[in-house]
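Notes to accompany the following structure.
These figures come from a predicted structure and were not determined experimentally.
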Amino acid sequence: MKSITITGSQRESVGKVSTKALRNAGKVPCVLYGGDKPLHFSADEVSFKNLVYTANVYTAMIEVDGTNYHAILQDIQFHPVSDKILHVDFYQLFDDKMVAMNIPVRLVGTSPGVVNGGSLSFAKRKLSVRALPADLPDFINADISKLKIGMKIVVSDLADEKFTILHPETTVVVQVRTARSAVMPEDDEEEEGEEGATEEGATEETATE
């Protein structure tokens, strides 16, 4: 998984007065959990642009006073009116320790069911997975190129040896539903016609006997 570097400075004080002063200076108070003890630091608000305001998911390489910490974004607080970032919590990653993270689902291909007028329902745009940091994917690909009307992709269809998806196996990720404008593809109509002809022929043969 791609990583974004955030450079910060350790906070000497964590009181309300110092926190307000940091925000007035365009900095965001942060806490890094998961280590021996919480690390309080601050970083420029612009540093979080590519980490927060994106549909993609990244890990963070946090540099504080010459020391690097590999982490993931755990929680973020925004101002209710201005949407400015008020506070960020990170969780430290270790190479040999599993971590849970929400990963975006990316649709691949074109659904023949949608081409024929079906409605695509994308129920799970992110899935929670558990993996070692090195095995966290940027995306989970869902191939919809074979989805006809009435078909779906569930969690078990997206299983991977490198990570565990933390949802029931039968959870629907994406499906193609029938719509009023939907039409059956020609090959399906031909199959139905051939089956009908066979049944009709069998009836006539039986009657003759």
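Shown here is D65, whose CG atom has more than 12 heavy atoms of other residues, nucleotides or ligands within 6.0 Å.
Listed for the T54 side chain is no donor-acceptor partner under 3.5 Å among the backbone atoms of L51. In this structure, the side chain of S47 engages the main chain of D44 through a donor-acceptor pair within 3.5 Å. Distance alone, capped at 3.5 Å, places no donor-acceptor pair between the T110 side chain and the S145 backbone.
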Assess the residue pair K2 and D138 against the criterion (side-chain contact (heavy atoms from CB on, under 4.5 Å)); give the C-alpha distance rounded to whole Å, side-chain angles, the decisive distance to 0.1 Å, and a yes or no. CA-CA 7 Å; K2 297 178 181 178; D138 293 314; 4.2 Å; yes
For R23 and V28: C-alpha separation, side-chain torsions, deciding distance, then whether side-chain contact (heavy atoms from CB on, under 4.5 Å) applies. CA-CA 6 Å; R23 291 171 180 157; V28 177; over 6 Å; no
Evaluation steps, side-chain contact (heavy atoms from CB on, under 4.5 Å), between I76 and F48: CA-CA 11 Å; I76 186 168; F48 298 91; 5.9 Å; no
Please step through side-chain contact (heavy atoms from CB on, under 4.5 Å) for the pair I140 and V129, ending with a clear verdict. CA-CA 10 Å; I140 298 176; V129 308; 3.7 Å; yes
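When every heavy atom of F94 is checked against every heavy atom of P133, the shortest pair comes out as O-CG, 3.3 Å. Residue P112 comes nearest to K148 through the heavy atom pair CG-CG, 4.2 Å, listed as atom of the first residue, atom of the second, then distance. When every heavy atom of V155 is checked against every heavy atom of P168, the shortest pair comes out as CB-O, 3.4 Å. A55 and P104 make their closest contact through O-CG, 3.6 Å (heavy atoms, listed as atom of the first residue, atom of the second, distance). When all heavy atoms of L39 and Q10 are compared, the pair lying nearest together is CD1-CD, 3.9 Å. The two residues R11 and S42 come nearest to each other via the heavy atoms CG-N, 3.8 Å.
When hydrophobic clusters are built by joining Ile, Leu, Val, Met, Phe, Trp and Tyr residues whose side-chain heavy atoms come closer than 4.5 Å, directly or via intermediates, V57 is not grouped with L166. In terms of hydrophobic clustering, with Ile, Leu, Val, Met, Phe, Trp and Tyr side chains grouped at heavy-atom distances under 4.5 Å, F41 and M61 are assigned to different clusters. In the hydrophobic clustering of this structure, I103 does not group with L73; members are Ile, Leu, Val, Met, Phe, Trp, Tyr whose side-chain heavy atoms approach within less than 4.5 Å, directly or through other members. The hydrophobic cluster containing M151 does not contain V154, counting ILVMFWY residues as joined when their side-chain heavy atoms lie under 4.5 angstrom apart, directly or transitively. Tracing side-chain contacts under 4.5 Å through hydrophobic residues (I, L, V, M, F, W, Y), one never reaches F90 starting from M98; they form parts of separate clusters.
Both cation-pi conditions hold for R106 and F139: the charged atom is under 6.0 angstrom from the six-membered ring centre and inside a 45 degree cone around its axis.
Defined by atom type and a distance below 3.5 Å, a donor-acceptor pair is missing between the side-chain atoms of D89 and Y91. In this structure, a donor-acceptor pair under 3.5 Å is absent between the side chains of S128 and H167.
Atom CD of Q74 is separated from atom CE of M101 by 11.0 Å, given to the nearest 0.5 angstrom. In this structure, CD1 on I149 lies 11.5 Å from CG on L120, to the nearest 0.5 angstrom. Taking CE of M1 as the start and CG of L93 as the end, the distance is 9.5 Å to the nearest 0.5 Å. Atoms NZ and CD, on K97 and Q92 in that order, are 9.0 Å from each other to the nearest 0.5 Å. With rounding to the nearest 0.5 angstrom, the CG atom of L158 is 10.0 Å from the CG atom of D143. Atom CD1 of I62 sits about 9.0 Å away from atom OG of S3, to the nearest 0.5 Å.
With respect to the salt-bridge test (charged N to carboxylate O, under 4.0 angstrom), the residues K84 and E45 qualify.
Side-chain atoms of F78 and V52, non-hydrogen and from C-beta on, do get closer than 4.5 Å to each other. Counting heavy atoms from C-beta on, the side chains of Y58 and I72 never come closer than 4.5 Å. Contact of the D75 side chain with the V88 side chain is not registered, since no non-hydrogen atoms from C-beta on lie closer than 4.5 Å.
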